[in-house]
Amino acid sequence: MLKALRGTKDILPADISAWQHIESCARDIFAIYNYKEIRTPVIEQSSLFTRSIGDYTDIVQKEMYVFSDRGGRNIALRPEATASVVRAYIENYNGQLPKIKKFFYLGPMFRAERPQKGRQRQFHQLGAELIGSDEPIRDAEIIYMAVDFLENLHMRKDEFYVKLNSLGCEKDKALIIQKYKKIISPILGKLCEKCKMRYDKNALRILDCKNPECGKILKNIKVENVLCSDCEAHFKSVEKYLNDWGVKPIIDPKIVRGLDYYTKTVFEITHKKLGAQDAICAGGRYNNLIKDIGGKDTPAIGFAFGIERLILAGSFCDKEKPLDVFIATTGKMLNEKALMLLKELREGRVRKSDNSLISYDVYLEEESLKGQLKQAQREGSKFVIIFGEQEFQENKVLIKDMKTGCQEKIDCDFRVILAEIEKKIREIDNP
Ligand code: HAM
């Protein structure tokens, strides 16, 4: 039997309400903060990612899905979207006013990682990028927005942590790497093979090695007080704003991030309920990236949530959305009439209190009324409109409330039926 690829998952109708809920909460929050949606292609030139994420990062070294297309071009499935947004920004807006551009995106990303809980090969991110400002208040604003979003999702404040660090400017970052290498050098022999390989080219990654032995050895090492006065002042200011706004970040020098483009502020939000892969959100400043990939020198900051991890961390309803109204007949003779009514009801486009449209269906493949009512039950229908012989003679239909079993006879006029259905559904929604 053909199966979904390892590390990929079908999102079935029963799962979709959590996804839609998260997406709509995100859209609400992003709109409040004036972020505009951007959709970039899933495929890009692979050099976009090697140049931005970095040649020696895990993502570029072994996790990127790359292939040559028929024209011999080197293509990658995007492993993340910051580089794509930056590419789109340079291509479409760089240098234009307004100086600050705020984008948000959601969509699939691809990394050939070893699948485990909270780690997939196709996963989905929901991210935001603020381009055009180096002000610390913007760092605080975007981190606060991430927290605001979690609160909008009703995540409990005591279940997630905002961890904050600064890698400083290019000079500071080089110094941090140098200092860590100095501390790690004498203990390198005790670390795993991966860490040994990372030492020369990507030493910062050693700090978040997931090997438990390495974790124990590295537990207490940290490099502090390496920031230049400008970067230190920037960091202190971000911390102050966040504290003033009630976020209370945990300062964690071990947050160094796995992508090369970061400078200054970096942060992660971790969730208590998750295991080894506990980061539900991660981000930071990337002040040099736009210039490095060919744009004007423009500072920027952003983050991305992993949607699968948000779902693992939250308690979202996992039920298929029930049908509102089912139409049943007592015999084939009435099908034509029922289908005409169904068409008219659907075209009525009546909305429920949650703003979604009332849904209708039939199951005329089944002749018996009993069979049709069973199907209505399987679909979770709230009401069934029954066309019976006798009612047809009287130009009436029955409306059956599937919860109480009560039936009512009303005129077989789609306006009357529509008004009745709307009234009854509103009564259920707002008891
Ligand atoms: P990242 O840390 O690579 O950063 O990914 C961000 C989030 O995506 C992670 O915290 C996690 O929730 C989720 N994630 C990453 N890999 C996987 C996976 N294999 N399976 C499931 N979820 C995953 C970035 O991608 C940066 N572009 C974030 C950013 C935006 N920085 C600045 N702007």
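Read the numbers this way: they start at 1 and go in the same order the structure lists the ligands and their atoms.
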Student: With respect to Tyr286, determine whether any N or O atom, backbone or side chain, lies less than 3.5 Å from an N or O atom of ligand 1.
Tutor: no
Student: Return the closest protein heavy atom for atom 4 (O) of ligand 1 as residue, atom name and distance.
Tutor: Arg257 NH2, 2.9 Å
Student: With a 3.5 Å cut-off and no angle check, do the side chains of Asn288 and Glu170 form a donor-acceptor pair?
Tutor: yes
Student: Looking at atom 7 (C) of ligand 1, what's its closest protein heavy atom, distance included?
Tutor: Ala304 O, 3.6 Å
Student: Counting only heavy atoms, which portion of Phe110 has something under 4.0 Å from ligand 1: side chain, backbone, both, or neither?
Tutor: neither
Student: Taking non-hydrogen atoms only, is Ile280 closer than 4.0 angstrom to ligand 1 via side chain, backbone, both or neither?
Tutor: backbone
Student: Among the heavy atoms of Arg119, does any lie under 4.0 Å from an atom of ligand 1?
Tutor: yes
Student: Any nitrogen or oxygen of Glu80 lying under 3.5 Å from a nitrogen or oxygen in ligand 1? Just yes or no.
Tutor: yes
Student: One residue to check: Ala81. Relative to ligand 1, which of side chain, backbone, both or neither has a non-hydrogen atom less than 4.0 Å away?
Tutor: neither
Student: Check this for me - ligand 1, Tyr105, N or O atoms closer than 3.5 angstrom, yes or no?
Tutor: no
Student: Do ligand 1 and Ile59 have nitrogen or oxygen atoms that lie under 3.5 Å from each other?
Tutor: no
Student: Which protein non-hydrogen atom lies closest to atom 14 (N) of ligand 1, naming both residue and atom, and how far is it?
Tutor: Phe123 CE1, 3.5 Å
Student: Using distance alone, decide if ligand 1 has a nitrogen or oxygen within less than 3.5 Å of any nitrogen or oxygen in Phe303.
Tutor: yes
Student: For atom 9 (C) of ligand 1, which candidate among Gly7, Ala128, Ala279 provides the closest heavy atom?
Tutor: Ala279
Student: Between Lys382 and Asp324 (salt bridge meaning N to carboxylate O under 4.0 Å), is one present in this structure?
Tutor: yes
Student: Checking a contact table here: which protein heavy atom is nearest atom 31 (N) of ligand 1, and how many Å away?
Tutor: Tyr262 OH, 2.6 Å
Student: For the pair Glu141 and Lys102, find out whether any cationic side-chain nitrogen is under 4.0 Å from an anionic carboxylate oxygen.
Tutor: yes
Student: I'd like to know whether the aromatic ring centres of Phe149 and Phe305 sit less than 6.0 Å apart in this structure.
Tutor: yes
Student: Will you find, in the side chains of Thr82 and Glu80, an N or O donor that is under 3.5 Å from an N or O acceptor?
Tutor: yes
Student: With a cut-off of 4.0 Å, which atoms of ligand 1 are near a heavy atom of Ala282?
Tutor: 2 (O), 10 (O), 28 (C), 29 (C)
Student: Can you pull out the closest protein heavy atom to atom 19 (N) of ligand 1? Residue, atom name and distance to 0.1 Å, please.
Tutor: Glu113 OE2, 2.6 Å
Student: Closest by any non-hydrogen atom to atom 21 (C) of ligand 1: pick that one out of Gly118, Ala112, Gly306, Ser84.
Tutor: Gly118
Student: Looking at Tyr89, is its backbone amide N or carbonyl O close enough to the side chain of Asn92 to form a donor-acceptor pair, meaning the two atoms are under 3.5 Å apart?
Tutor: no
Student: Among His271, Gln125, Arg78, Arg111, whose heavy atom sits nearest atom 3 (O) of ligand 1?
Tutor: Arg111
Student: Determine the sole option in Tyr35, Phe303, Phe30 for which the ring pair (Phe, Tyr, Trp, His ring centres under 6.0 Å) test with Phe104 is passed.
Tutor: Phe30
Student: When you measure from atom 33 (N) of ligand 1 to each heavy atom in Arg121, Gln122, Glu129, which option holds the nearest one?
Tutor: Glu129
Student: Quick check on contacts: which atoms of ligand 1 are under 4.0 angstrom from a heavy atom of Tyr261?
Tutor: 26 (C), 27 (N), 31 (N)
Student: Which pairs count as side-chain hydrogen bond (donor to acceptor under 3.5 Å, both in side chains) when at least one residue sits in residues 48-68, sequence neighbours excluded?
Tutor: Asp58-Arg198
Student: Give the residue and atom name of whichever protein heavy atom lies nearest to atom 20 (N) of ligand 1, and the separation in Å to one decimal.
Tutor: Gln120 N, 2.9 Å
Student: Enumerate donor-acceptor pairs with a distance under 3.5 Å from any side-chain N or O in residues 171-183 to protein atoms, sequence neighbours excluded.
Tutor:
from	atom 1	to	atom 2	distance (Å)
Asp172	OD1	Cys228	N	3.3
Asp172	OD2	Cys169	N	3.4
Asp172	OD2	Cys228	N	3.1
Lys173	NZ	Asp260	O	2.8
Lys173	NZ	Tyr262	O	2.7
Tyr180	OH	Val223	N	3.3
Lys181	NZ	Tyr199	O	3.4
Lys181	NZ	Asp200	O	3.4

Student: Is a side-chain donor or acceptor of Asn165 paired with a backbone partner of Ile255 at a separation under 3.5 angstrom?
Tutor: yes
Student: Testing the basics here: between Ser84 and Thr40, what is the closest heavy-atom pair and its distance to 0.1 Å?
Tutor: CB-OG1, 3.5 Å
Student: Grab the two heavy atoms, one from Leu312 and one from Lys117, that are nearest each other, plus how far apart they are.
Tutor: CD1-CG, 4.2 Å
Student: Taking the six-membered ring for Trp, are Tyr286 and Tyr261 closer than 6.0 Å centroid to centroid?
Tutor: yes
